[in-house]
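Residue numbers start from 1 in every chain, and the chains themselves are labelled A, B, ... in the order their sequence lines are given, proteins ahead of strands. Computed from a predicted structure; not experimentally measured.
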Protein chains: 2
Amino acid sequence: MPGPTIYDVARAAGVATSTVSRAFTNPGRVGETTRSRVLEVARELGYEPNPHARALTSNRTQTIAMVVSDITNPHFFELIRGAEMRAKAAEYTLVLVNAEESPRIERAQIRRVARSVDGFLLAASRQPDADLAELAATRPVVLINRQVRDVPSVVVEHSEGCRQIVAHLASLGHTSLVYLAGPRNSWMAGSRWAAIRAAAAELGVTAHRSGPYTPTVSSGGAAADAAIGSGASAIIAHNDLLAIGVLRRLAQRSVRVPDDVSVVGFDDIFAADLCTPALTTLGGPHDRVGRAAVEILLDSLTARPDRRPAPQMAPPSQLVIRESTGPAPQAARQPQGGAG
Amino acid sequence: MPGPTIYDVARAAGVATSTVSRAFTNPGRVGETTRSRVLEVARELGYEPNPHARALTSNRTQTIAMVVSDITNPHFFELIRGAEMRAKAAEYTLVLVNAEESPRIERAQIRRVARSVDGFLLAASRQPDADLAELAATRPVVLINRQVRDVPSVVVEHSEGCRQIVAHLASLGHTSLVYLAGPRNSWMAGSRWAAIRAAAAELGVTAHRSGPYTPTVSSGGAAADAAIGSGASAIIAHNDLLAIGVLRRLAQRSVRVPDDVSVVGFDDIFAADLCTPALTTLGGPHDRVGRAAVEILLDSLTARPDRRPAPQMAPPSQLVIRESTGPAPQAARQPQGGAG
DNA sequence: CAACACTTGGCAACCGGTTGCCAGTCCTCG
DNA sequence: CGAGGACTGGCAACCGGTTGCCAAGTGTTG
């Protein structure tokens, strides 16, 4: 059962265990002929190094953990996929960890696997900046769609993207929009709202914020109702799931999209292209983001921890215009009351 | 950096390392007062057991691997999610492994992580029966949506489901259907076809098979064209992705669904409800499947390997009827030639 | 031919827990 | 009061690699 060990190989090849070990991990340190003989014998015996034994002394596990804020969200699948493939190419194993939208669970989970992984990919972390900075000081970390000073990160470019959304809506004649915000401790939610508000101010569009909402389809109902109440003719939802939920509710209420109201999402998940009307959304190369994050992490694992600046990447986003956005209705609707 | 070890705890608590070890892993073996003192000290020191050191002797890693045939396929996300959550509840970590639809890669990946996990969940494995049986003889394995004699498995019930599909179509007046088959070495593809054919024979419906096709949206084009060529009035696609691809192609060719032709998929992925027309599909409780698979695996890890029969579970599927199926067109279409 | 550098392989300690075995303590029962 | 057993804790070997250090072998140079 427990497969051959380095000892078996050493005996069969007539060398010391240290030689076998080095043949695998430190090729330059052993003679070429010896090395090939060892490898040959190892192959014959079906030897496979025991990763735990290796990790024990070397502290290298060839494993990285990817923590996602909510494994339910299809947005992450692209990310996971990209990360998994890149990790595999580097002979690393990816461990998937779900934070269930809870900072507390996120902490606990990270702590749990901390000893068994070489580093962390934190996607849309819900933890406060300070905690992330602290973690990053101890262990290699790359943030995804989150920015914290001095911590490496990959964030899909979105301030320009948000500008494009607002410009797109403004050019269609919309003068008032509402942003349906994501979770309170989502960095993205704050960041997007800031960008939207700035762009709106610049382009002479009124922008309101509503929320926070959990970024799920089922939250879309309440979000849609709030949006309608706001009187805005354009809705920007925190993500595609929420946007799809909004579309559903609007259809229920016989509000026509895009005739009566326009809807925009974020992420460009697979389903965005399939719903009716197809969703205009700010997409990004999410699989590339996953890849890039792994690459940065691997770099920081390999390289000296010389204090060079933490790498920050911002792959471009792109506004995918589909059918959920259109010209603003002629009679600009006014806010219909609301408790303010 | 490398955190406190049991030696530190032992010293601080004034006991031997073995006592510390037992306090954690074998509570009954140590006095209650000693135990609580040790745990107290450990907590103060922030001690966290090193999983690798533990795995080295105990051969328990608290980790299970989930191998999916293609991580790109949204169908698996439900499965992954269910498995991840169940694993977490048992304090197990889930490792995600992608087989990229290749039996060879699947083998290699399994081999790679074999030493670092306690067992395997194999979802839609593409390996031959013999290989799976062999693997299962060596290591704890639970198959998902695949059946091999004497190997534990969880398979969404589908023969009755296939019957329901055919009955549904027959009751709508369809007399000829075509099954767009999945990959050649997909067990599900074979199994579904058998069930469909049997049901068709029984209900007096003509059934043809076309394919194999990769189960992706982009394969849907060719599949749709072949289906049209077959002259059947109803199309059963191997999964929802393929079905969605088919819908797209049909729309391009101005074939109306369901007026001219009906389309059915499998899996009931999130997007099935969003596409136009919404897809009729055979769904299943996939998250439950993931959960159940983990549970069976955990059982087989804990229990004595007494030769009791390998557990087989078949959670029920359900035919979700949406808009892509409807009455057969009046004038039954005839096969339009085709090269045999 | 001697001195020296370089290459290559082996020895053994070590990583951090786990566990079989032994010994001391305390309790119970005859 | 002594023997037998249950309960606790410690000792030390062990899991399977890694790596610092040493020594033998080989080649180079003066």
Whole angstrom value for the distance that separates [atom2] of [N] from [atom1] of [X]:
| X | N | atom1 | atom2 | value |
| --- | --- | --- | --- | --- |
| B:L56 | C:dC14 | CG | C1' | 12 Å |
| B:R11 | D:dG10 | CZ | P | 14 Å |
| A:L45 | D:dG16 | CG | C1' | 15 Å |
| A:I6 | C:dC15 | CD1 | P | 18 Å |

- Message: Looking at A:A13, is its backbone amide N or carbonyl O close enough to the side chain of A:R37 to form a donor-acceptor pair, meaning the two atoms are under 3.5 Å apart?
- Response: yes

A:S58 side-chain N/O to A:R54 backbone N/O, donor-acceptor pair under 3.5 Å = yes

Could you check whether the side chain of A:S18 and the base of C:dC11 have a donor-acceptor pair of N or O atoms closer than 3.5 Å, going by distance alone? yes

Task: Distance-only donor-acceptor test (3.5 Å): side chain B:R22, base D:dG10 - done: yes

Need one value for [X]: base, sugar-phosphate or nothing, where a base atom within 4.0 Å counts as base even if backbone is also close, heavy atoms only.
| X | value |
| --- | --- |
| B:F24 | nothing |
| B:R60 | sugar-phosphate |
| B:V15 | sugar-phosphate |

Heavy atoms of B:V9 and B:V41 approach each other most closely as O-CG1, 4.0 Å

Note: A:L79 and A:H286 closest approach over all heavy atoms is CD1-O, 3.2 Å

